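Given the structure is predicted, the values throughout are model-derived calculations rather than measurements. Below, read A as the first sequence line, B as the second, and so on, with proteins coming before strands; counting in each chain starts at 1.
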Protein chains: 2
Amino acid sequence: MEKKLFAFLEKYMPLEKEEKQAITDLDLFRNYKKGTVILREGHIARENYFVISGCIRTYYIIDGEEKTTAFFTEFESVLTNSIRKDKPAEYNLACVENTVLVVSNPSIEKLTFEKFPRFEKLCRIFSEQLLAKNQASFDSFRTNTPEQRYIELLEKRPDLVQRVPQYQLASYLGIKPESLSRIRKRLQEQVQQVVK
Amino acid sequence: MEKKLFAFLEKYMPLEKEEKQAITDLDLFRNYKKGTVILREGHIARENYFVISGCIRTYYIIDGEEKTTAFFTEFESVLTNSIRKDKPAEYNLACVENTVLVVSNPSIEKLTFEKFPRFEKLCRIFSEQLLAKNQASFDSFRTNTPEQRYIELLEKRPDLVQRVPQYQLASYLGIKPESLSRIRKRLQEQVQQVVK
DNA sequence: CGCTTTACTTAACATAAGTCAACCAAAAGC
DNA sequence: GCTTTTGGTTGACTTATGTTAAGTAAAGCG
């Protein structure tokens, strides 16, 4: 598992032995079973997560209905402690599958940044990139129709369509499950037309 | 103008005199006239911006149609150089009004971070917060209908509705200008019903 | 000042998504 | 193994947005 974390970090900068050792010593890896709620709405979010394996999602309960707004799979990060300190979360965080996470918190990060200042630069660059990705996704969501969003999802994250229940994908696409069902049917029919 | 920048930065940490002087010496302020295109699709984005006054927007040209996806006004930041180096931008950046910006680039930032390492921490925290805000907005966009989005815009950024053309607001809300027109009409009629 | 362009509105119609309800299949629980 | 629950599909109908086109008012420009 640590191999995966180091492999990810070393895409940004090579690590010294003692840096790796320090990270290992922190013992940050956690196992969660499918369905586990990691963060519950109304609680204070203090941790950041990095997905080693599995899948987690953020969701809201709005008028009694569950609305899934994000999925995080292998090598993706979830920053939760950064909105405003001590402001309760408006969303939930739960495991779609059995999941292995790297879990950090502000005090761990503070100590690590003090000991290895260049990790702070790494995290700055990293969060800037996350922001850029997020903005690009948002732009795409704004400018596309639900059907286009689904097609794009099939292209960019085909694994999600396989591993995630469709009612969660539907709200992720900003629509109702019935509509997603119809979109899939429409697309299938179009493919069959072309095959003929 | 520098007062505004310092006031903003000092919400995060008090600045030393020499830090302020160093920033002043960098001479980062730029004036742009309404309509000026700051970054054009296909060009390499290398700069980051901070809005002192005025308003800028990002937009795409898709099938010959302009799609506005973001607005930035006083005290907001636009990070452009962070997706991947040397990858041409897919969007345009232009001034909705006469605008004053703080303009930085990677080499300025590199020098500044070397001279004042705590600026790197500031920027890390800052971009983490931007990310959190962006994610929250995205979640809200996913879970709301166009009408709800417009109502939320009226509440959270009432200035935008005044200073930005409606056809730009429409694509920002993920709809066509005609639909925004109808939403406004519907809401007006509802208000009149209540007043009676 | 008059003309052109642009932004916005409105209407009629087409299309896609929302709603409600029924149904089915697979999975989960007992 | 049977029952219950959950996830997914389908159909009929409602509602909202997209499309196309026309019209208007204001802004911009020569």
**Q.** Length of the line joining A:Leu180:CG and C:dG18:P, which is rounded to integer Å
**A.** 11 Å

Q: Can you tell me the distance, in whole Å, between the CD atom of A:Gln166 and the C1' atom of D:dT6?
A: 13 Å

Q: Could you check whether the rings of B:Tyr91 and B:Tyr60 sit parallel, tilted or perpendicular, using 30° and 60° as the cut-offs?
A: tilted

Q | From D:dT10, C:dT10, D:dG7, nucleotide with atom closest to A:Glu178 side chain | A | D:dT10

Q) 5'-most contact on DNA chain D: B:Pro177 or B:Lys34, nearest heavy atom basis? A) B:Pro177

**Q.** Whole-Å gap separating C1' (D:dT17) and CG (B:Leu173)
**A.** 13 Å

**Q.** Nearest-nucleotide pick for B:Lys185, side chain only, options being D:dT9, C:dT10, D:dG11
**A.** C:dT10

Q. Between atom OH in B:Tyr167 and atom C1' in D:dA26, what is the gap in whole Å?
A. 15 Å

(Q) B:Val78 and side chain to side chain contact (heavy atoms under 4.5 Å, CB included): which single residue from B:Val103, B:Leu130, B:Ile56 fits? (A) B:Ile56

Q) Quick one: B:Lys176 NZ to C:dA11 C1', roughly how many Å, whole number? A) 19 Å

Q | Lys/Arg-Asp/Glu bridge criterion (N-O < 4.0 Å) met for B:Glu65, B:Lys176 | A | yes

Q) Which nucleotide sits closest to the side chain of B:Arg186: D:dT9, D:dT17, C:dA17? A) D:dT17

**Q.** Length of the line joining B:Glu65:CD and D:dG18:P, which is rounded to integer Å
**A.** 11 Å

Q: State, without any angle test, whether A:Tyr32 and A:Asn98 hold a side-chain donor-acceptor pair at a distance under 3.5 Å.
A: no

Q. Taking only side-chain nitrogens and oxygens of B:Ser179, does any of them come within less than 4.0 Å of OP1 or OP2 of D:dG18?
A. yes

Q: Look at the side chain of B:Pro146 and decide which nucleotide, out of D:dT17, D:dT9, C:dT9, has an atom nearest to it.
A: D:dT17

Q.
Under 4.0 Å between a side-chain nitrogen and a carboxylate oxygen: does that hold for A:Glu128 and A:Arg124?
A. yes

Q | Side-chain donor/acceptor of A:Arg182 to base of C:dG18, under 3.5 Å | A | yes

(Q) Just the rounded figure in Å: distance from C1' of C:dG18 to CD of B:Gln148. (A) 12 Å

Q. Taking CG from A:Leu169 and P from D:dG7, how many angstroms apart are they, rounded to a whole number?
A. 13 Å

